[in-house]
Amino acid sequence: IGELRALKGIDVLLSALAALNATRTTPARAVIVGSGPDGAMLRDRASALGLESAVSFPGAMTAAKAFPLGRTLIVPSRKESLPYVVLEAAASAMPLIATNVGGIPEIVVGTDTPLIPAGDSPALTQAMAQVLADPVLASQRALRLRSAVGQRFTVAAMTASVLSFYAEVASRPISIVRTRPSATDVNAT
């Protein structure tokens, strides 16, 4: 769910899905929600991998409309900040497969939600196979993640964290480093 561009790792998802489906009698499916500059290239890649019947691209929509289209949110991003879609999935208790980039580790810290390396198609294939093999475990992890996120990502908790950070920074001594000689330094020589 999001912008269709290289940074989001959707090409890695497509490769992983093709590898996964090569080992299954019932193919897994992906619904890739969003739009963006690489949409046509990703559709072509899905076609080249023989995934025409396993992948759909319905366009952009809200997470609330997109979540019912699948059973697991896969976030194969190469880079991220703090993706709201991961927080939304956690709040919805949707099973999550995501990469270990940006703020995603901050979201799942202290839970048993595993993260995979960015750009690692075999690791993504394995993670998808595990979720398909044990959907009950994936759902239980999603419930535990929802509980953790519900405690840590409240307005009060996030405000306290930001204020604590500002207080820490404000208490540090200020250092002034001159990079150019001052007028008095130049006149003294």
Output, in order, the C-alpha distance, side-chain angles, deciding distance and verdict of side-chain contact (heavy atoms from CB on, under 4.5 Å) for Leu14 and Val55.
CA-CA 9 Å; Leu14 294 172; Val55 177; 4.0 Å; yes
Determine, step by step, whether Met41 and Asp44 satisfy the side-chain contact (heavy atoms from CB on, under 4.5 Å) criterion, reporting the C-alpha distance in whole Å, the side-chain angles of both residues, the deciding distance to 0.1 Å, and the verdict.
CA-CA 5 Å; Met41 183 270 302; Asp44 290 345; 5.6 Å; no
Checking side-chain contact (heavy atoms from CB on, under 4.5 Å) for the pair Val12/Ile10: CA distance, chi angles, key distance, verdict?
CA-CA 5 Å; Val12 178; Ile10 301 160; over 6 Å; no
May I have the step-by-step check of side-chain contact (heavy atoms from CB on, under 4.5 Å) for Val149 and Ile107, ending in yes or no?
CA-CA 7 Å; Val149 165; Ile107 295 170; 3.9 Å; yes
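Listed by first and then second residue, the salt bridge (Lys or Arg N to Asp or Glu O under 4.0 Å) pairs that reach into residues 89-112 are Asp112-Arg141, Asp112-Arg144, sequence neighbours excluded.
Closest approach of Arg152 to Met158, counting heavy atoms only: O-CG, 4.0 Å. Taking both residues in full, the closest heavy atoms of Ala118 and Val101 are given as CB-CG1, 3.7 Å, listed atom of the first, atom of the second, then distance. Of all non-hydrogen atoms in Leu4 and Gly34, the two that sit nearest each other are CD1-O, 3.6 Å. Among all heavy-atom pairs drawn from Pro68 and Ala64, the shortest one is CD-O, 3.2 Å. In terms of heavy atoms, Leu69 sits closest to Met61 at CD1-SD, 3.8 Å. The shortest non-hydrogen separation linking Leu82 to Gly103 is CD1-O, 3.5 Å.
Follow the hydrophobic side-chain contacts under 4.5 Å out from Leu13 and you never reach Phe67; the two are in separate clusters. Leu143 and Leu145 fall into different hydrophobic clusters, where Ile, Leu, Val, Met, Phe, Trp and Tyr side chains are chained together by heavy-atom contacts under 4.5 Å. Under the 4.5 Å side-chain heavy-atom criterion for Ile, Leu, Val, Met, Phe, Trp and Tyr, Leu73 and Phe153 are members of the same hydrophobic cluster. In the hydrophobic clustering of this structure, Ile32 does not group with Leu7; members are Ile, Leu, Val, Met, Phe, Trp, Tyr whose side-chain heavy atoms approach within less than 4.5 Å, directly or through other members. Side-chain heavy atoms closer than 4.5 Å link hydrophobic residues (I, L, V, M, F, W, Y) into clusters, and following such links, even through other members, never connects Leu115 to Leu124.
Between Glu3 and Asp38 there is no side-chain heavy-atom pair separated by less than 4.5 Å. Residues Leu96 and Val108 form a side-chain contact, since some pair of their non-hydrogen atoms from C-beta on lies under 4.5 Å apart. Between Ile116 and Asn100 there is no side-chain heavy-atom pair separated by less than 4.5 Å. When side chains are defined from C-beta on, Lys8 counts as touching Glu80, because their heavy atoms get closer than 4.5 Å. Counting heavy atoms from C-beta outward, Pro95 and Pro135 have side chains that stay 4.5 Å or more apart. Between Pro83 and Glu88, the closest side-chain pair of non-hydrogen atoms is not below 4.5 Å. Val31 is listed as a side-chain neighbour of Val33, based on a closest heavy-atom distance under 4.5 Å. Residues Met128 and Ile97 are in side-chain contact: their nearest non-hydrogen atoms beyond the backbone lie under 4.5 Å apart.
Although no hydrogens or angles enter the test, the distance criterion places a donor-acceptor pair under 3.5 Å between the side chain of Thr125 and the main chain of Ser121. The main-chain N or O of Met94 is never found under 3.5 Å from a side-chain atom of Ser92 such that the two would form a donor-acceptor pair. A distance-only check finds a donor-acceptor pair linking the side chain of Asn21 to the backbone of Ala28 [under 3.5 Å]. Of the possible polar contacts, none joining the Thr159 side chain to the Ala156 backbone as a donor-acceptor pair under 3.5 Å is found. Looking at Thr99, its side chain does come within 3.5 Å of a backbone N or O of Ser77 through a donor-acceptor pair.
A donor-acceptor pair shorter than 3.5 Å can be found between the side chains of Ser15 and Arg45.
A distance of 12.5 Å separates OG1 of Thr113 from CZ of Arg146, quoted to the nearest 0.5 Å. For the atom pair CG of Leu51 and CG of Leu17, the computed distance is 5.0 Å after rounding to the nearest 0.5 Å. One finds the CD1 atom of Ile174 at 12.0 Å from the CZ atom of Arg172 (value rounded to the nearest 0.5 Å). A distance of 14.5 Å separates OH in Tyr166 from OG in Ser171, rounded to the nearest 0.5 Å.
With sequence neighbours excluded, the residues satisfying side chain to side chain donor-acceptor pair (under 3.5 Å) with Arg78 are Asp11. Partners of Glu52 according to the salt bridge (charged side-chain N to carboxylate O under 4.0 Å, His left out) rule, which considers only residues two or more places apart in sequence or in another chain, do not exist here.
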